[in-house]
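Read the structure below first, then the notes.
Chain letters run A, B, ... following the sequence lines, proteins first and then strands; every chain starts at 1.
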Number of protein chains: 2
Amino acid sequence: MMPDAPDRRSADPNEGIMRATSRALRDHGYADLTIKRIAEEYGKSTAAIHYHYDTKDDLLAAYLDHLIDQFASSVREVETTDPAERMDLLLDKLLVDVAEYRELLVAMLEMRSQAPYKEAFRERFRQNDEYLRYMLKAVINHGIDEGVFRDVDADHAARALMTIVDGARTRAVVLDDGEALETARQTADEYVETVLVADD
Amino acid sequence: MMPDAPDRRSADPNEGIMRATSRALRDHGYADLTIKRIAEEYGKSTAAIHYHYDTKDDLLAAYLDHLIDQFASSVREVETTDPAERMDLLLDKLLVDVAEYRELLVAMLEMRSQAPYKEAFRERFRQNDEYLRYMLKAVINHGIDEGVFRDVDADHAARALMTIVDGARTRAVVLDDGEALETARQTADEYVETVLVADD
DNA sequence: CGCTTTTGACTGACTAGTCAGTAAGTACGA
DNA sequence: TCGTACTTACTGACTAGTCAGTCAAAAGCG
């Protein structure tokens, strides 16, 4: 009966509920995620959750916003401006760093698979995808301007890389393939070097 | 004795249940798939379903077998032996032909997202993946032997292409991106032409 | 005090799976 | 050829459990 030490430093109830949701998702997955399980992680009753969020979907939409914000912040940390190096670091963020969050990747694929039925989910996944594609496009265009990359269709190249990223994550989860992410990291490099990089 | 009488024309209950499961999946998705809904499509009671399959998971495992068999048959139809053309037709099967089955793609992503929790599902998705990778590897090795493709790591190239395929399907479903499959078809071609095809 | 937060008890809807019984067809023995 | 035994396919009623969400009351706090 002690899921976690109640951290008094952050008395913000929302932050606590977000953390509880995250733990419940990691432990039980999305399909078996219930208000009761979130409440157990939160250390309060289910009605306490309903006091802060009217419906389960409201809570989950808020959780997605929370998660996407965190991820966007971590991408924003990439500060190099050199196009080739920046591309490298971005691909590492997307394909290497996520390997540590296996259980969250599992739950996120479950939530992604509900996008066709839940507009609130779809909206947020789209927004996140758009942001990442924008980052990739910016790097590619920068590289083209500097003559490091060939004059390719930056939008198409960004979509191609995102397809590799999504494919790798799907495969890592579905096939429980521990090497799917590394394989895809290599494939992304092949794509960058053969399609993007100008070989003088 | 043998439950499968080969030439009992019509009224094979199993076939009917497979069709009912398929329709229920298309109409309601996996998350909202219930025995009751399958029974409604079947036109009989829920107990009739339980008469043929002990548990819901048994039924769904049988349905996956059914589906994978169908898909493998359709891939086996590709008869060209010329490596470049065969690769082209295989990629069409994997990325173009599936566009017609949007609702089934949605339901399949849902089921795939349950693979970490259901070994029976994971097993079957792995088997299907292995089969497709084997087909791709065979074509690539054939192409290398004939000097049409460079002497690349066939296993890695097959995995790279499958990553693009899985990424495209995930994106088509999650982002409701009607062009995700076409974009990926183009990306797959770029990969084949720049990484696989021997230039000069 | 009064306001926010939390609780416990509850509801109604829905779920997979069970069970006894039925109808129709088939196999077999005399 | 009749009758008995058995099989397949199914039904309707039921159990036992889950779930999100509601609500009146109470606790905590500034």
Distance test, side-chain N/O of B/Tyr51 to OP1/OP2 of D/dC10, below 4.0 Å: no
Distance-only side-chain donor-acceptor flag, A/Tyr30 / B/Gln114, under 3.5 Å: no
Pair B/Asp177 + A/Arg126: basic N to acidic O under 4.0 Å: no
Separation of atom NZ in A/Lys44 from atom C1' in D/dA26, rounded to whole Å: 15 Å
Salt bridge B/Arg185-B/Asp189, side-chain N to carboxylate O under 4.0 Å: yes
Between protein and nucleotides 16-25 of chain D, what N or O pairs are separated by less than 3.5 Å?
unit_1, atom_1, unit_2, atom_2, d
D/dA20, OP1, A/Lys56, NZ, 3.0
D/dA20, OP2, A/Ile35, N, 3.3
D/dG21, OP2, A/Lys56, N, 2.7

Relative orientation of the end axes in the helix from C/dC1-D/dG30 to C/dA30-D/dT1, expressed as an angle to the nearest 10° (five pairs per end): 20°
A/Glu119 atom CD, neighbour heavy-atom count above 12 within 6.0 Å: no
B/Asp155/B/Arg159 ion pair, N-O < 4.0 Å: yes
Partners passing side chain to side chain contact (heavy atoms under 4.5 Å, CB included) against A/Gln70 (at least two apart in sequence or in another chain): A/His66, A/Leu67
Salt bridge B/Asp129-B/Arg124, side-chain N to carboxylate O under 4.0 Å: no
Euclidean distance, atom CD1 of residue A/Ile17 to atom C1' of C/dT5 [Å, nearest integer]: 11 Å
Touch class at under 4.0 angstrom, heavy-atom based, for B/Tyr42 against every strand present: sugar-phosphate
Lys/Arg cation over aromatic A/Tyr42: A/Lys44, 6.0 Å, 45° cone: yes
